[in-house]
Amino acid sequence: MPPLNPLQRAAFTASSLVKFLAAAGRAGILSPEGKISALFTAGPTLARYRFTTAREVEAALATAPERTALIDDDGLLTYRQLAQQSKTIARWLLNLKRERGLDTLRIGVMARNGRGIILPMAAKGYAGAELFLLNVGSSPEQLEGIFEENGINVLIIDDEFADRIPEPLGDITVIWAHTSRDHGTEETLRRIALRGDEGLPALPAFPRHGNIVLMSSGTSGVPKGILRPEPLLPFVVGGYLETVPWRNAMTVQITASMFHTWGWSAVNIAFATRNTVVTQRIFDPENVYRQIQNYRCDGLVSSPIFFKHMVDLPGNEKWDTSTLQFIASAGNALTPLLVERTNARFGPILANYYGSTELALAACATAEMVAADPTIAGKIPPGTILRLYDDEGNEVPRGEVGRIFLTNETALSGYSNPNAEMVTIDGLVDIGDMGYLDDKGHLHVLSRSDDMIIVGGENVHPQSVVEVLERMPGIHELHAGGVDDETTFKRVAVWVVRTADENGRRLTAQSIRDWVRDHLADHSIPRDVNFVDLLPRNATGKVVARHLPPSTRED
């Protein structure tokens, strides 16, 4: 199917706009709390700041200035304080730009959840800058490549990552975000935010709309900088708001990493709905329970690996989580067992969002959909065009597996490295996954395109092996992947972490193979079974396959 013609595009945009406005109206984004002033400020703030963190902070300042905006490891900020500090940081940055004769502020931020990343996100919109959200797992070599490739001239960084800063750093101004020691006369984000505006330049009435640049996981070499526009009306937000009862003036605990698409999106939606965001720099399942109970949180925004840690926590039933109205998951695939355990602990309120760093939201599944089918990715949100293609570039019919391609108004506009290539068909971008659409048009995702294992001509999706084995007594967690085989070219291998009990001690490679043989076809049976003490994961909870020990046969 070719790209939409202008008439089809106009109709599609109009339909998406209607859905977005309906969802935004229910959530209280465009006319929060029914205040007359909000009706007059919504249009101008959108025109000035688009759908950015600055826009949401500015709108909240006009409608709910004394509401608590953020509770983090450093304390509490109201929306008035968040706006004041963000603006002061923005003016300081503009002054730095003037003093150094910079053409554009190109700000790298390497900070964990909290004001150390949120204040720069808002300041970016007020000042008009390019903002690069850096993965907290980046190595010195990766950072050096990012700085050189992207022309970073300001670095805002938690001081726990000081040893990651490459030397020599060159002409980059360093600002310490979260600090654990005295930095003397060095600039800190707190010192800048609280020093006042005297002598600093005024903020532009209509700031330049630079990109938010998110980094790929960087499995090898320099991570790709993914250029993400900040649109006037992000229609896909309607999908977020339709999927869970995310409403005005809630309190939401956000564990999802804010340097990642999921956490960054959640912050903007939470501020758009004038929520109180509760977060912590380093994930601790007991503290998440404590925050939900003490702050009577309405929502929990996180990822599957963190849900697992929460339901695994001994004695977790002592915490009162009855105020939760929704749990929103993204960043990793949910498994049937984890859905069952999470819903058993919190009630049937777990919803799922599926997307990518490049393409944001691609599908969303309500709690009812997830409970009925834990493997579903969900329905396609407003503003998104999604199609499935085979390897020859032909669109596949419903029910058949294909490569997932899509686009929406928050999709990447390109990469910061112009030599990085986007894979596209008919104007749609390859998300890198395999899946199919059911008879209702709902998306089901099977695996990464390059993760699929072809065993003697048969396709094996690693996730299917994981979902079968996670129910086996004695397995705490596992990862499945492909390894070379001299007979079938590829075979399945698994890396298994045992439980610390008798079931775990009884596990053998053969018992694992027998379990898979009883539930799946023979080509899904692992050739290699590797027992490991832990699975290497990045900050978002994904297993980093390159850090797994080499696979070996074990009988």
Q | Contact summary for E130 and G210, nearest pair of heavy atoms | A | OE2-CA, 3.7 Å
**Q.** Nearest atoms (heavy-atom pairs only) where T384 meets A362
**A.** CG2-O, 4.4 Å
**Q.** Audit row: F259, L134, side chain to side chain contact (heavy atoms under 4.5 Å, CB included) steps and yes/no
**A.** CA-CA 6 Å; F259 66 81; L134 309 178; over 6 Å; no
Q. Heavy atoms, side chains only, cut-off 4.5 Å: are T261 and R228 in contact?
A. yes
(Q) To the nearest 0.5 Å, what is the distance between CD1 on I192 and CG on N95? (A) 10.5 Å
Q) Where do L93 and V154 come nearest, in terms of heavy atoms and distance? A) CD2-CG1, 4.2 Å
Q) Strictly by modelled atom types, are E186 and T188 linked by a side-chain donor-acceptor pair under 3.5 Å? A) no
Q: Give a yes-or-no answer on whether the side chains of R208 and T104 include a donor-acceptor pair shorter than 3.5 Å.
A: no
**Q.** 4.5 Å side-chain heavy-atom contact, S303 and H260
**A.** no
Q | Verdict with supporting geometry, I156 and M110, side chain to side chain contact (heavy atoms under 4.5 Å, CB included) | A | CA-CA 6 Å; I156 301 174; M110 188 170 173; over 6 Å; no
Q. According to the interplanar angle, ranging from 0 to 90°, do the rings of F271 and Y79 count as parallel (below 30°), tilted (30 to 60°) or perpendicular (above 60°)?
A. perpendicular
Q) Would you call the rings of Y49 and Y126 parallel, tilted or perpendicular, where under 30° means parallel and over 60° means perpendicular? A) perpendicular
Q: Go through F283 and V288 one step at a time and tell me if the side chain to side chain contact (heavy atoms under 4.5 Å, CB included) criterion holds.
A: CA-CA 8 Å; F283 174 76; V288 175; 3.7 Å; yes
(Q) Within this structure, what is the CG-CZ distance for the pair N275 and R247, rounded to the nearest 0.5 Å? (A) 11.0 Å
Q) Any side-chain heavy atom of F235 sitting closer than 4.5 Å to one from N408? A) no
Q: Calculate, to the nearest 0.5 Å, the distance between atoms CD1 and CZ belonging to I385 and F405 respectively.
A: 14.5 Å
Q: Might you confirm whether atom CG of D103 has over 12 heavy atoms from other residues, nucleotides or ligands at distances under 6.0 Å?
A: no
Q: Taking the side chain as every heavy atom from C-beta outward, state whether I165 and L143 have any pair of such atoms under 4.5 Å apart.
A: no
Q: Flag the pair I226 / Y415 as yes when at least one side-chain heavy-atom distance between them is below 4.5 Å, and no otherwise.
A: yes
Q. How about Y353 and V244: do any of their side-chain heavy atoms sit closer than 4.5 Å?
A. yes
Q: Begin from the C-alpha positions of E149 and S416 and carry the test side chain to side chain contact (heavy atoms under 4.5 Å, CB included) through to its verdict.
A: CA-CA 8 Å; E149 187 174 282; S416 57; 4.0 Å; yes
**Q.** Reported CD-to-CD distance for the pair Q84 and Q81, which is rounded to 0.5 angstrom
**A.** 7.0 Å
Q.
Determine whether a donor-acceptor pair (N or O, by modelled atom type, separation under 3.5 Å) exists between the side chain of N538 and the backbone of V544.
A. no
Q: Check whether the side chains of D72 and T279 place a donor and an acceptor atom closer than 3.5 Å, and report yes or no.
A: no
Q: Count the heavy atoms of every other residue, nucleotide or ligand shown that sit under 6.0 Å from CD of E148, and state whether that count exceeds 12.
A: no
Q: Hey, can you tell me if W176 and H183 have their rings parallel, tilted or perpendicular (30° and 60° cut-offs)?
A: parallel
Q) L359 versus L412: any side-chain heavy-atom pair under 4.5 Å? A) yes
**Q.** Minimum heavy-atom distance A205-R48, with the two atoms named
**A.** O-NE, 2.7 Å
Q) Minimum heavy-atom separation for A270 to V277, with atom names? A) CB-CG2, 3.6 Å
**Q.** R91 and D197 ion-paired at < 4.0 Å
**A.** yes
**Q.** Contact summary for T251 and Y295, nearest pair of heavy atoms
**A.** CG2-O, 3.9 Å
Q: Taking the side chain as every heavy atom from C-beta outward, state whether D284 and I282 have any pair of such atoms under 4.5 Å apart.
A: no
Q) Counting heavy atoms not belonging to E167, are there more than 12 under 6.0 Å from its CD? A) no
